Structure formats: C-alpha cells, structure tokens
Amino acid sequence: MARNYDVIVIGAGPAGYIAAIRASQNGMNVACIDEWENRDGKNALGGTCLNAGCIPSKVLLESSELFHRAGHEFSKHGIVTSGVELDLATMQKRKQSIVRQLTGGIVGLFKANKVEGFVGHGKLLADRKVEYTPKSGAPEILEARYVILASGSAPVELKLAPFDGERIVDSWGALEFDAVPKTLGVVGAGVIGLELGSVWSRLGSEVVVLEALDDFLAAVDRDIANEAAKQFKRQGMTIHLGAKVTKAATSAQGVKVEYEDCSGAQSLEVEKLVVAVGRRPYTEGLLGKDCGVQLDERGFITVDHECRTRVKNVFAIGDCVRGPMLAHKSSEEGVMAADLIAGEIAEMNYNVIPSVIYTAPEIAWVGKTEQEVSVSGRKFKTGSFPFAASGRAKAMEQTGGFVKIVSAADDDEILGVHIVGPMAGELIAEAVLAMEFSASTEDLQRTIHAHPTLAEGMHEAALAVDKRALNYINK
Ligand code: FAD
Ligand code: AMP
C-alpha cells in the first residue's frame with residue numbers, strides 16, 4: 001500500500017520548506033521531497049536561496065564590504081591600519097559554515113514540526129500520486145490529498161557563452177572562486193550581476209559589467225538608478241550599457257568576450273566571465289505525462305492568484321510560478337497555499353513586495369516608481385531626504401544616497417518608497433508595513449522615529465512630500 005499524506009511538498013527551498021512547516025502547524029500530515037545536492041555531493045535543504053543564492057551572496061557581500069572599508073575608510077575614523085590582507089580561503093570557509101548552519105537548521109525545524117523529509121526526486125503523477133525516487137534505490141509511489149509544487153528556478157544559459165564551470169560560470173560558480181580573478185566580466189547588470197560584481201570588485205578584481213539594455217536598472221525609479229550608477233562608477237566598477245554580448249570563447253588564459261554597442265563590434269578579454277542574465281523556472285522531470293498541470297509559454301507552472309494549478313488540490317509556489325523571483329515572495333506563497341489547504345482565508349498582496357539589491361549603497365523599493373505613477377495618470381507628489389543630512393549616516397561615514405517617497409495627490413496614500421543608501425534593505429520594512437496598512441504620508445509624518453537613526457530619513461522624506469521637512473531645506 002502506498003504511503004499516504006495530507007500534503008506532499010516537492011522542493012525544499014524557501015517556498016517548499018515554509019509551506020511544509022506551515023501545513024504541519026495547521027495539523028496536516030506532511031512529507032517534503034528535495035533533491036538539492038551541493039558541490040561536495042552532500043544533500044541539503046534550503047534550495048537555491050540557502051545553498052547558492054541569497055545567503056552565500058549576502059555573506060560574501062558583508063565580508064568583502066568590511067575588507068574594502070578596512071582598506072579605504074577606517075583612516076577617516078582615525079583608525080590606522082596597515083597590512084590589511086585578504087584571506088579568501090577563510091572568507092569562503094565562513095560562508096560555507098553559515099550556509100551549513102542554516103540548512104542544518106531546516107532539518108531541526110522539520111523534526112520539531114514533524115515534517116517527514118525525503119531526499120531524492122519527486123514527480124507528480126495523476127490523481128495526486130507522487131513518484132519518489134531516492135538518490136539510490138527504486139522509486140516508490142506516495143499519495144496525498146494535496147500536493148504543493150515548489151521546484152524553483154535555474155540560471156539562464158547563453159548559447160553563445162555556455163557555462164564550462166571554470167572560465168564561464170553561473171552565479172553559483174561566481175560565489176565559489178578560490179582566487180580573486182584579476183579581471184572579471186559580468187554579463188547582465190541585474191540584481192545578481194551587480195551583487196556579484198560588487199563582491200569581486202571590492203576584493204580586487206577589475207570588473208566590467210556588460211548590459212544589453214540602454215537603461216541602467218530599468219525597473220527601478222530613475223532618480224534611484226541614476227544615483228546608484230553614479231556611485232558604482234565612483235567605486236571603479238565599469239558598467240557598459242547598450243552592450244549586447246554576442247560571443248564568448250575560452251582559452252587557457254581566459255575568456256574573449258565579443259559584444260555590440262552603439263559604436264559597433266567590440267571585444268574584451270577577462271580571466272573569468274559570470275553570466276547573470278536571469279533565471280528560468282525549473283520543472284525538469286517534475287510533471288508526469290498525465291498529471292494535468294500546465295506550463296505557460298515561458299515554462300512557468302500556470303497558477304491563479306491563489307497559486308492553484310488547473311488540477312484540483314495541486315498548488316504551485318515560488319520561482320516556478322509567475323511573479324518576482326524572490327525568496328520572501330516564495331515563502332509567503334507557501335504560507336498562503338498551506339493556509340488555503342487548511343480552509344483558512346489567506347491571500348498575497350502582490351502589490352507590496354519589497355525588492356532589495358545588497359550592493360553598497362543598498363537599493364530597496366516597494367510599490368510604484370514615479371514613472372509608473374506618472375504613466376497611470378494619477379496626480380502625485382514626491383519628497384526626498386538625502387543621507388548627507390542624516391547625523392547617523394555621517395557617523396557611519398555613509399552619506400551617499402537618499403529616501404524618496406511617491407504619494408497620491410488626492411488622498412495622500414503612499415504609492416511607492418525608494419531608497420538608495422546605507423541599510424536600505426532594512427529601512428524598506430517600515431515602508432512595506434505602512435503600505436500594507438494603506439498608510440497616508442501624514443501617518444508616517446506623525447510617527448515618532450528614534451534619533452539619531454537612518455529611519456529618520458524615512459520620516460523626513462514623508463515630511464518633504466508636503467514641503468515640511470524639518471532637517472533639510474525644502475525644494
Ligand atoms: P529554490 O530555492 O530554487 O528551491 C527549489 C528546490 O526544489 C531545490 O532544492 C531543488 O533541488 C528542489 N527540486 C526541484 N525539482 C525537484 C524535484 N522534481 N524533486 C525534488 N526536488 C526538487 N532572493 C531574495 O529574495 N533575496 C536575495 O538576496 C536573493 N539573492 C539571490 C542571489 C543569487 C546569487 C541567486 C541565484 C538568487 C537569489 N535570490 C534572492 C532568489 C532566491 O534564491 C529565489 O527566489 C528562491 O530561492 C526561490 O525559492 P524556491 O523555493 O521557489 O526555489
Ligand atoms: P535579471 O533578469 O535582473 O537577472 O537581469 C539580467 C540582465 O541581463 C537583464 O538586464 C538583461 O537585459 C541582461 N542581458 C540578457 N542577455 C544579455 C546579453 N546577451 N548581453 C548583455 N546583457 C544581457
């Protein structure tokens with residue numbers, strides 16, 4: 001007889017493992033199948049996010065930023081350093097140890113929440129049967145009342161610059177370098193390309209980013225993107241816009257990258273090349289022929305606003321479905337699916353999902369850009385506050401950037417908050433909460449902010465929307 005569960009989750013990234021835990025908290029009998037294998041051949045929970053994405057990239061961003069500041073900033077504080085040296089092996093070991101602690105943590109969470117973990121491949125068959133194939137051993141059929149698909153995503157490969165794992169690498173490969181490349185090419189100036197470019201630039205690589213589009217960070221508010229571009233340039237990272245890579249050829253010395261820009265055919269020689277041109281939904285071997293689940297034309301599993309597929313009681317969540325490819329979006333979809341299965345009322349507010357780019361300065365935003373509101377035709381007002389006028393930012397020696405708020409002119413509702421500057425990724429949480437409660441700009445203006453904090457920048461920007469900033473001359 002097949003083993004029977006209330007819920008089977010396929011995939012244990014931030015979408016799947018959170019869905020499994022919440023389903024179990026809701027009183028369900030839950031199994032979660034995951035096949036992730038690290039480079040050392042060991043399996044680990046947590047998917048891309050914990051093993052090859054969010055966490056290792058943030059660890060290296062933090063370490064490399066400290067290295068950079070020790071060499072370039074400490075003297076301004078009156079701290080004399082000499083002989084600051086990079087020990088990349090230790091830096092990488094620390095990263096691996098943090099990844100191990102966090103992925104091991106999910107094992108503990110599964111145990112505490114009585115989620116049964118299966119290591120291996122899961123495939124959805126008809127009638128909510130799931131074929132589970134262990135790493136070694138024969139397949140077994142499991143059955144469930146509900147199935148949640150959470151198979152995640154994989155890096156897009158450019159046919160003209162295929163990954164070889166050595167010279168031309170994906171984002172995971174670029175997190176694992178054991179020596180700092182003298183020169184590094186990055187294809188794609190998206191979130192991942194900029195974060196990885198920043199890490200290696202701070203550690204000493206000469207970094208050139210090639211981006212096909214003419215606009216830098218096209219989805220970001222123009223004021224914020226322009227400020228970020230200025231600061232990246234100042235830091236020495238070269239970003240070529242309107243540069244479409246057409247070919248990359250490897251040799252023993254490195255990679256010759258050919259690209260086209262407004263002046264015609266160009267080429268660039270680099271030691272290593274990171275291709276970071278986006279990610280695609282990953283559904284290989286996930287869907288049995290008769291399972292009934294459909295993919296859209298871009299390969300995403302088709303779901304409605306509640307993450308229900310076209311098959312009754314089968315949900316799909318996270319990077320394998322439409323919407324931004326973000327860990328927090330994935331997890332919240334997991335919570336929603338598990339709560340809907342338990343018969344609870346649950347919904348996602350897709351309009352209020354924060355985005356963060358963890359470069360220095362950080363870039364974070366939520367809601368609509370000024371350009372989007374302008375196109376919508378709604379009358380709006382904006383206010384900004386520069387970190388150069390913040391006492392806390394000055395103490396931190398991080399005065400670049402600003403907070404910008406876009407609000408409705410008619411009812412004062414906050415429509416978008418955009419930050420470029422120190423700790424932007426932390427500061428944005430206040431804006432997310434405010435927008436989740438449909439706050440007005442005045443609500444933020446009348447909220448008491450501790451002094452001296454970076455969060456006062458949010459307060460002052462809200463005041464500036466009505467030309468009432470108190471610590472900055474209103475324009
Ligand atoms: P995944 O994390 O990809 O997990 C899917 C899991 O399912 C994997 O373990 C996979 O092995 C398993 N699986 C797939 N198919 C099967 C099958 N048939 N059977 C069994 N198991 C299967 N997002 C952020 O929000 N913040 C960040 O700072 C951030 N930084 C990033 C940095 C990098 C370098 C990268 C690459 C990504 C980053 N992301 C970030 C994106 C984030 O990692 C993803 O949005 C998130 O991991 C998606 O979660 P998921 O659970 O949908 O998929
Ligand atoms: P993202 O989707 O945010 O990960 O960003 C990927 C970026 O890669 C996008 O801004 C694309 O415009 C860019 N891109 C895609 N293909 C190429 C190419 N052949 N050459 C240069 N940039 C590219």
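In what follows, residues are counted from 1 in the order of the sequence shown. Everything numeric in this text was worked out from a predicted model, so none of it was measured. Atoms within each ligand, like the ligands themselves, are counted from 1 in listed order. Side chains included, hydrogens not; waters and symmetry mates left out as well; all remaining heavy atoms used.
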Requested in this report: Tell me, please: is G120 in heavy-atom contact with ligand 1, that is, under 4.0 Å?
Outcome: yes
Query raised in the report: With a 4.0 Å cut-off, would you call K272 and E166 a salt bridge?
Result: yes
Query - Proximity to ligand 2 by part of A218, non-hydrogen separation under 4.0 Å - result: neither
Query raised in the report: Less than 4.0 Å between a side-chain N and a carboxylate O, is that true for K135 and E35?
Result: no
Report task. Take every heavy atom of I192, measure it against each atom of ligand 2, and state whether any distance is under 4.0 Å. Result -> no
Query raised in the report: Counting heavy atoms only, which part of A52 comes closer than 4.0 Å to ligand 1: side chain, backbone, both or neither?
Result: backbone
**Report entry** Min N/O separation V245 to ligand 2 under 3.5 Å
**Finding:** yes
Report summary line: Of G11, A150, A19, the residue with the heavy atom nearest atom 5 (C) of ligand 1 is A150
Report task. Inspect the contact between R222 and E370 and indicate whether a charged nitrogen and a carboxylate oxygen are less than 4.0 angstrom apart. Result -> no
Query raised in the report: Among protein heavy atoms, which sits nearest to atom 45 (O) of ligand 1, and what does the distance come to when rounded to 0.1 Å?
Result: D319 OD1, 2.9 Å
Query raised in the report: Salt bridge between E333 and R322, side-chain N to carboxylate O under 4.0 Å?
Result: yes
Query raised in the report: Mind checking whether I192 has an N or O less than 3.5 Å away from an N or O of ligand 1?
Result: no
**Report entry** Shortest heavy-atom approach to atom 39 (N) of ligand 1 - which of P14, C54, G53
**Finding:** C54
Query raised in the report: Heavy atoms only: which of V277, D214, V191 is nearest to atom 16 (N) of ligand 2?
Result: V277
Query raised in the report: Just going by heavy-atom distances, which of K329, E333, M325 is nearest to atom 41 (C) of ligand 1?
Result: M325
